[in-house]
Every structure is written in structure tokens, then in C-alpha cells.
Amino acid sequence: MRKIFVVRRLLDVVLSELRSLGEVEVYNKEDVIPKEELMERVRDVDAVVPLPGVDIDRDVISCMRKCIIIANYAVGYNNIDIDAASDRGILVTNTPDVLTEATADLAWALMLAVARRIVEGDRFVREGRFKGMDPLLLLGEDIYGKTLGVVGAGRIGTAVARRGVGFDMRLLYYSRHRHDKIERVGAEYVDLSTLLKESDFVSLNVPYTKETHHLINAKALALMKSNAILVNTARGPVVDEKALVDALKSGVIRGAGLDVYEREPEVTPELMSLQRVVLTPHMGSASYRARLKMGKLVVKNIRAAFDGEVPPNLLNGSRIRKSH
Ligand code: NAP
Ligand code: GLV
């Protein structure tokens, strides 16, 4: 019987589909699985289902005695050492597309929440401080007609830009290459400095790589408008979190909406005390539908690997050095 190890609980319906493929073990606790336990539990399984925040690095991969596939429950796969997996002939897959719209929705939810001070307003009412409409209360930023800059013109970045059309926004984008899809929704290709200088809202939608580490640092933040709002639904370390705190405190930029953090699940304490900041717990894809579809893709990828077929979302097909 095949064995599958899942690093965190998933929807029951997904777990029962996984059980049709083999014996499933789940790390069921609230915290991130400690590395030592992870190294132990991947030892004799045929498939591992990790997710962001659980690093499948070379040490962990070296413990895998019979693993065929690492089927990430996420589209971003910076948590997996693909080279190490490829060296061992282990397939690596992810869950693209099915979470694109949900994540773009969350980027917009953060933009709207920060600009229009929704969380502060909610707190104000709950604290019993609402004494009737006050013309000076919680004044925020317009979104309609402003400029939105998207960094990383892939699936999610394009979906974020598309939503801007309904808000009559000027759309700018920066990516390593030009992309037709985002240009077809009216976005103009500019370099990163121009995007930072001219945007009222900046949405980060790049993967986390060596090149995107601290892409938004003190120097980049200094280029932004003083009323600008930064939204990060990509990966925490794309932003230098300390530089961001300094920029927010000194008024270099107006606000930030963050779904991801540099040292997840740790959050820089100062971020929690800043007013024009909205923080969510890495929940970009957390609509029921998206999470269900991600689970179904994980099952599909594992089933294909177990059947000796090429999984639909294979990331390292050309790099595998040893075939099963
Ligand atoms: P994607 O389709 O691969 O898009 C990413 C785009 O970033 C690519 O099209 C690429 O375009 C661009 N890019 C890559 N490296 C770059 C660099 N150094 N500088 C500028 N642009 C660069 O991926 P996606 O599906 O949109 O997902 C994007 C990321 O969002 C994921 O990797 C993940 O980290 C994150 N995510 C987070 C959540 C969440 O819950 N918060 C949910 C889903 C995804 P070029 O061809 O121009 O390089
Ligand atoms: C979530 O962070 C993902 O990359 O899917």
C-alpha cells in the first residue's frame, strides 16, 4: 500500500480522495511541523504534501527513502528545493490557476481595506465609539480613477490588474518580460522605478526567488508616493519588512496590506501597532472553492505519479535525473 504524508490538515473531502490512493498520515497540530519530526515522517512515504512555510530542503529530501512525488498544496514552490528533489528523481508539482481569482480578490480586499480604513472602522464600531456620522472620521484614499501598479505580470498579477478596469484605474505593470494578457486589459509596461514613482497602489505578485529577495527595500520604498499603499500577497521576503516598518512610521508611504511575512508565521511586532496596516494570515487562496480545487489538483498529481504517468502540474520534468 502506498503511503502519503500531509504536513497540515486539509479539507475532509480532499483527505478522503487522497485515501483512495493509499494510507494517509496528517500532521494534525496547529503549529508548523518541526524539522526533525518532518525528517522522520517523510522517511518511508511515497508522496509528501507540503505547503508554504514547511521547507522541503535538501536535508529533508535526503531522508526520503522511497518518495516519488512532492505535491505542493500551493502554486508558489519556493519552500521546495527543486534541485535536490530532481537529483533524487523525485517529481515536484504545484497547484496553479485554480487559486488565481481568489488570491486576486484578496489583494483587492487588502487594497480596499487599507485605503478605506475598513478594519479601523470595524474596531471603532465594536468598541462602542460610533456616535453618528462624523465628516472628519476615518478619512481615507480614493481607489476609483487612481493608478495601480502590478509587479509580476503572471496569472495573479494579471487578475489583479483586470479588476482595476472596473475602478477606471490607470494600470501599470513591471515584470521581467512583457506580457500580452495584462496589456490586453490596458496595462502599460514600465520599469520598476517608474511603477513605484507613479502608482497609488502597488500590488506584489512575483514568486520568491533569489532575484525577488527584498525587491521592495528602503530604496524602492523611497521612490513611492507618500500616499501610496503597498499590497503583498506574494511572499514575505519580497519585502524588507524592517524597511517597510520604517517607511510606514516615517510617512514615506501611507499604508500596507500584507498577507505574507518575512519570517512567517512570525510578524514584526511593530506592524501590529501601526494604524494604516491590514494584516491577514496567509489566506490569499482561502476561498472554499479554491482550496477544494487545490486539493483536487494535489490528488490528480499524486494519482498520475503513482500510475507512472506525468503529473499535470509537473515542475521539474526536464530536470529529473533518475526515472522511476
Ligand atoms: P506566475 O503566473 O508564475 O506569475 C509570476 C510572474 O512573476 C511571472 O509571470 C513572471 O513573469 C514574474 N516574475 C518572476 N520573477 C520576476 C522578477 N525577478 N522580477 C519581475 N517579475 C518576475 O505565478 P502566480 O500564479 O501569479 O503566483 C505568483 C505568486 O503569488 C506565487 O509564486 C506565490 O508566491 C504567490 N501566491 C500567494 C498566495 C497567498 O496565499 N498569499 C496565493 C497564491 C500565490 P516574467 O516572465 O516577466 O518573469
Ligand atoms: C500560496 O501561498 C500559494 O503559493 O499558493
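Ligands are counted one by one from 1 in listed order, and the atoms in each one are counted from 1 as well. What you see is a predicted model; the values in this text were computed from it and never measured.
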Next item on the list: Consider only side-chain N and O atoms of Glu198 and Thr147, and report whether a donor and an acceptor are under 3.5 Å apart.
Entry: no
Next item on the list: Check ligand 1 against His282 and write out every atom of the ligand that is under 4.0 Å from a heavy-atom position of the residue.
Entry: 39 (C), 40 (O), 41 (N)
Note to self: So if I apply the side chain to side chain contact (heavy atoms under 4.5 Å, CB included) rule between Ile33 and each of Glu36, Glu37, Lys29, which one comes out positive?
What the structure shows: Glu37
Notebook entry, point to check: His179 to ligand 1: N or O pair under 3.5 Å?
Noted result: yes
Notebook entry, point to check: Between the side chains of Asp259 and Asn232, is a donor N or O closer than 3.5 angstrom to an acceptor N or O?
Noted result: no
Check: Which residue owns the protein heavy atom closest to atom 42 (C) of ligand 1, what's the atom, and how far is it?
Finding: Thr103 OG1, 3.3 Å
Note to self: Suppose I only count heavy atoms of Ser285 and a 4.0 Å limit; which atoms of ligand 1 are within that range?
What the structure shows: 40 (O)
Next item on the list: Taking only heavy atoms of the protein into account, state which residues are under 4.0 angstrom from an atom of ligand 2, in chain and number order.
Entry: Pro52, Ala74, Val75, Gly76, Leu99, Arg235, His282
Notebook entry, point to check: Can you find an N/O atom of Glu211 closer than 3.5 Å to an N/O atom of ligand 1?
Noted result: no
Item checked: Side-chain donor-acceptor pair present, Ser285, Arg291, cut-off under 3.5 Å -> yes
Margin query: To check your reading of the model: name the closest protein heavy atom to atom 2 (O) of ligand 1, its residue, and the distance in Å.
Written below: Arg155 N, 2.9 Å
Notebook entry, point to check: Looking at atom 11 (O) of ligand 1, what's its closest protein heavy atom, distance included?
Noted result: Ser175 OG, 3.2 Å
Checklist line | Of the listed options Ala290, Ala234, Gly154, Pro281, closest to atom 4 (O) of ligand 1 (non-hydrogen atoms) | finding: Gly154
Item checked: Proximal ligand 1 atoms for Thr233, defined as those under 4.0 Å from one of its heavy atoms -> 35 (C), 36 (N), 37 (C), 38 (C), 39 (C), 41 (N)
Check: Looking at Phe124, does the NZ or CZ of Arg129 lie under 6.0 angstrom from its six-membered ring centre and within 45 degrees of the ring axis?
Finding: no
Item checked: Residues that Glu309 engages under salt bridge (charged side-chain N to carboxylate O under 4.0 Å, His left out), provided they are two or more places apart -> none
Next item on the list: Answer yes if the ring centres of Phe167 and Trp108 are under 6.0 angstrom apart, and no otherwise.
Entry: yes
Check: At what distance is the nearest protein heavy atom to atom 48 (O) of ligand 1, and which residue and atom is it?
Finding: Arg176 NE, 2.6 Å
Next item on the list: Supply the atom-to-atom distance Tyr261 OH to His282 NE2, rounded to the nearest 0.5 angstrom.
Entry: 10.0 Å
Check: For atom 7 (O) of ligand 1, what's the nearest protein heavy atom and its distance?
Finding: Pro207 CD, 3.4 Å
Check: Any idea which protein heavy atom is nearest atom 18 (N) of ligand 1, and the distance to it?
Finding: Thr212 CG2, 3.4 Å
Checklist line | Protein residue, atom and distance nearest to atom 46 (O) of ligand 1, heavy-atom basis | finding: His177 ND1, 2.8 Å
Next item on the list: Do me a favour and list the nearest non-hydrogen protein atom to atom 22 (C) of ligand 1 with residue, atom name and distance?
Entry: Val206 CG1, 3.6 Å
Note to self: Using a 3.5 Å cut-off on N or O atoms only, is Ile156 in polar contact with ligand 1?
What the structure shows: yes
Acceptor/donor pairs from residues 48-56 side chains to any protein atom, 3.5 angstrom cut, sequence neighbours excluded:
none

Note to self: I'd like to know whether the aromatic ring centres of Tyr189 and Tyr173 sit less than 6.0 Å apart in this structure.
What the structure shows: yes
Margin query: Out of all atoms in ligand 1, which are within 4.0 Å of some heavy atom of Tyr174? Include the element for each.
Written below: 20 (C)
Item checked: Per-atom contacts of ligand 1 with Asp259, taking only distances under 4.0 Å to non-hydrogen atoms -> 39 (C), 40 (O), 41 (N)
Item checked: Ionic contact status for Arg65 with Asp44, cut-off 4.0 Å -> yes
Check: Between Met283 and ligand 1, is there a nitrogen or oxygen pair with a distance under 3.5 Å?
Finding: no
Note to self: According to ring-ring contact (aromatic ring centres under 6.0 Å, His included), who are the partners of Tyr174, at least two apart in sequence or on a separate chain?
What the structure shows: none
Next item on the list: Take atom CG of Asp12 as the centre, draw a 6.0 Å sphere, and report whether it contains more than 12 heavy atoms from other residues, nucleotides or ligands.
Entry: no
